[in-house]
Undergrad: 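Once you've had a glance at the structure underneath, I'll fire off some questions.
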Amino acid sequence: MAKALPKKADFSEWYSEILSMAGIVDVRYPIKGLSVWHPFGLTLRNRVYSILRSLLDVDHQEALFPLLIPETEFMKEAEHIKGFEEEVYWVTKGGDTPLEVPLALRPTSETAIYPMFKLWIRSHTDLPLRVYQIVNTFRYETKHTRPLVRVREITSFKEAHTAHATWEDAEKQVHEAVRIYSDFYDRLAIPHIFTKRPDWDKFPGADYSIAVDTLMPDGKTLQIGTIHHLGTNFAKTFDVQYEDVNGEQQYVHQTCYGISERCVAAVIAIHGDDRGLILPPEVAPTQVVIVPILFGKGKGVYEAAKRVHKTLSNKGFRVVLDDSDERPGAKYYKWERKGVPLRIEVGPRDLKSNSVTLVRRDTFEKTSIPMSELVPTINQKLKDIHTNLYEKVKKSFDERIVECTTLNEVKTAVKKGIAKINWCGAEKCGLRMEEITGADVLGELTQTKKGKCPICEKQTDKVVLMARAY
Ligand code: A5A
Ligand code: MG
Ligand code: ZN
């Protein structure tokens, strides 16, 4: 008997079991914080990232920079070093020979990319410049590691880096990045919320940072991306200048924004149920599984199942015909666990009525579909599944964002989700709020509301989100 999946209500156990039971990653690799993508998991990951790519490819160019960064470059930007030095892995030897300049395994690539931007950018006609890469990065995380969520090798780090003529142009790019990330998470049916990070928690070297967070089933938030306005901080450090229309040298204004495999973790964690994964159809490695129900002389059934398979794969659906020797029940169980959005059962009765039985993974709704309507019905059901998944999780997300006026209310709200509360904007009040509630300040909303800071009681219209963050 196969091992049972823990209930989704025991989220932490459920999450680590489903990763192995559905074949996402194998965590047994013998280095802490590193794991192996299984082929199924990697296919899911690639589908997710192809959405991200398609959104970026509109006006970004994909590039690929080296993994190693010379210490001399890495150490140039003071804030950046302070933020990352504890997390950097160093390569110090080539064979037995000590390297003259130690090399950092990139924790992120500003210091690899911007010295090249200096060479690439000459004039205002080179701007805006928008590149991105999808690479692995390394961070020696000291907090508890968790597969896909906090890893020491980020295998799927999408980082975009842009350069602009003015601070305002860079800010427009920040807004554009917000739009791109919002579209991306919509496509994954992941509810999300953007906030401006408090100053003490912005990206090292940024003027300001915007974070996008989602809410996990256990009530903790997961930061699933960040967008940084870098101003001219790095441009000054790396001397990235352009000649403006008047022939004068000016520093470029930069942004960068990143997303990691946490986006895959969110898809797994937020949509799954007690039976396993539920994958949004656009990213499901298999969208439809066909299970022939064979009693005795089932030859006709098998032939019909093959015809269904052919029809659907010709139409471009990702479809599997499970003709293995397992019992139908065992097959259902297996494919449900892998999150396949639709199951088609073909049995003797379906054969007689020239129809098939369609079962939805999200609702388990079962319908009989005439063969003649198969393709349009599958198309429609896949769309319906996306919509239904999103509506369901969005409702639960919205319900768990609670307006608070006192820190006691915050303490209660963050047990299940996110608290919204006024805050004067002062760092010491923010830090005190964190201390009292044991929750984190995620950041400030653009939306305002009149009220009082719970610490200093000053009138303010700033509103922050607080939560227990992963
Ligand atoms: N260069 C910028 C984009 C940057 O590095 N920003 S960042 O440090 O905030 O990282 C971008 C995103 O990567 C974060 O929002 C988070 O979602 C993800 N991330 C950071 N550290 C991670 C880790 N150890 N494991 C998994 N994801 C991580
Ligand atoms: Mg960190
Ligand atoms: Zn205050």
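Atoms within a ligand are numbered from 1 in the order they appear, just like the ligands themselves.
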Undergrad: When the aromatic ring centroids of His229 and Tyr208 are compared, is their separation below 6.0 Å?
TA: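 Yes, they do, as the ring centres are separated by less than 6.0 Å.
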Undergrad: Give the atoms of ligand 1, by number and element, whose distance to some non-hydrogen atom of Val151 is under 4.0 Å.
TA: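 By the 4.0 Å cutoff, the relevant atoms are 23 (C), 24 (N), 25 (N), 26 (C).
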Undergrad: Identify, by atom number and element, the atoms of ligand 1 in contact range of Glu110, meaning under 4.0 Å from any of its heavy atoms.
TA: 1 (N), 2 (C)
Undergrad: Between Lys394 and Asp398, does any side-chain N to carboxylate O distance fall below 4.0 Å?
TA: yes
Undergrad: Below 4.0 angstrom from a heavy atom of Ile154, which ligand 1 atoms are there? Numbered from 1 as shown, please.
TA: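 Checking each atom against Ile154, I get 21 (N), 22 (C), 23 (C), 25 (N), 28 (C).
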Undergrad: Are Glu444 and Arg197 within salt-bridge range, i.e. N to O under 4.0 Å?
TA: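 Result for this pair is no, no salt bridge flagged.
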Undergrad: Distance under 4.0 Å to a non-hydrogen atom of Tyr257: what atoms of ligand 1 satisfy this?
TA: 3 (C)
Undergrad: Could you verify whether a donor N or O on one side chain and an acceptor N or O on the other, from Glu153 and Tyr29, lie under 3.5 Å apart?
TA: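 No, Tyr29 and Glu153 have no side-chain donor paired with an acceptor closer than 3.5 Å.
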Undergrad: Identify which one of Tyr132, Tyr257, Tyr114 satisfies the side-chain hydrogen bond (donor to acceptor under 3.5 Å, both in side chains) criterion when paired with His161.
TA: Tyr114
Undergrad: Taking the ring centre of each residue, are Tyr181 and Phe184 less than 6.0 Å apart?
TA: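 When the ring centroids of Tyr181 and Phe184 are compared, they turn out to be at least 6.0 Å apart.
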Undergrad: List nothing but the number: protein N/O/S atoms under 2.8 Å from the Zn ion (ligand 3).
TA: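 Excluding waters, the total comes to 4.
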Undergrad: Mind telling me whether Phe117 and Trp120 have parallel, tilted or perpendicular rings, with 30° and 60° as the class edges?
TA: tilted
Undergrad: Roughly how far, to the nearest 0.5 Å, is the CD atom of Gln254 from the OG1 atom of Thr162?
TA: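 Going from OG1 on Thr162 over to CD on Gln254, the span is 7.5 Å.
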Undergrad: If you measure only the distance, is there a donor-acceptor pair under 3.5 Å linking the side chains of Ser156 and Arg45?
TA: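 Yes, side-chain donor-acceptor contact under 3.5 Å.
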Undergrad: For ligand 1, note which part of His228 has a heavy atom under 4.0 Å away: side chain, backbone, both or neither.
TA: side chain
Undergrad: Taking the six-membered ring for Trp, are the ring centroids of His80 and Phe234 within less than 6.0 Å of each other?
TA: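 His80 vs Phe234: aromatic centres under 6.0 Å.
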Undergrad: Against heavy atoms of Gly225, which atoms of ligand 1 measure under 4.0 Å?
TA: 15 (O), 17 (O)
Undergrad: Backbone, side chain, both or neither: what part of Glu141 comes under 4.0 angstrom of ligand 1, heavy atoms only?
TA: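 The answer is the side chain.
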Undergrad: Are Asp26 and Arg28 close enough for a salt bridge, meaning some N to O gap below 4.0 Å?
TA: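 Salt bridge present between Asp26 and Arg28.
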Undergrad: Return yes when Glu261 approaches ligand 1 closer than 4.0 angstrom through a heavy atom, no otherwise.
TA: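 No; Glu261 lies far enough from ligand 1 that no heavy-atom distance drops under 4.0 Å.
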Undergrad: Return the orientation label for the Phe203 and Phe84 ring planes: parallel under 30°, perpendicular over 60°, tilted otherwise.
TA: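 Taking Phe84 first and then Phe203, their aromatic rings stand perpendicular (interplane angle over 60°).
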Undergrad: Heavy-atom contacts with Gln223 under 4.0 Å: which atoms of ligand 1 show up? List them by number with element.
TA: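 Contacts of ligand 1 toward Gln223, numbered from 1: 14 (C), 15 (O), 16 (C), 17 (O).
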Undergrad: Just going by heavy-atom distances, which of Leu230, Ile224, Val212, Thr226 is nearest to atom 11 (C) of ligand 1?
TA: Thr226
Undergrad: Report the member of Arg139, Arg150, Lys202, Arg146 with the shortest heavy-atom distance to atom 5 (O) of ligand 1.
TA: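 The residue whose heavy atom sits nearest atom 5 (O) of ligand 1 is Arg139.
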Undergrad: Does Glu159, backbone or side chain, put an N or O under 3.5 Å from an N or O of ligand 1?
TA: no
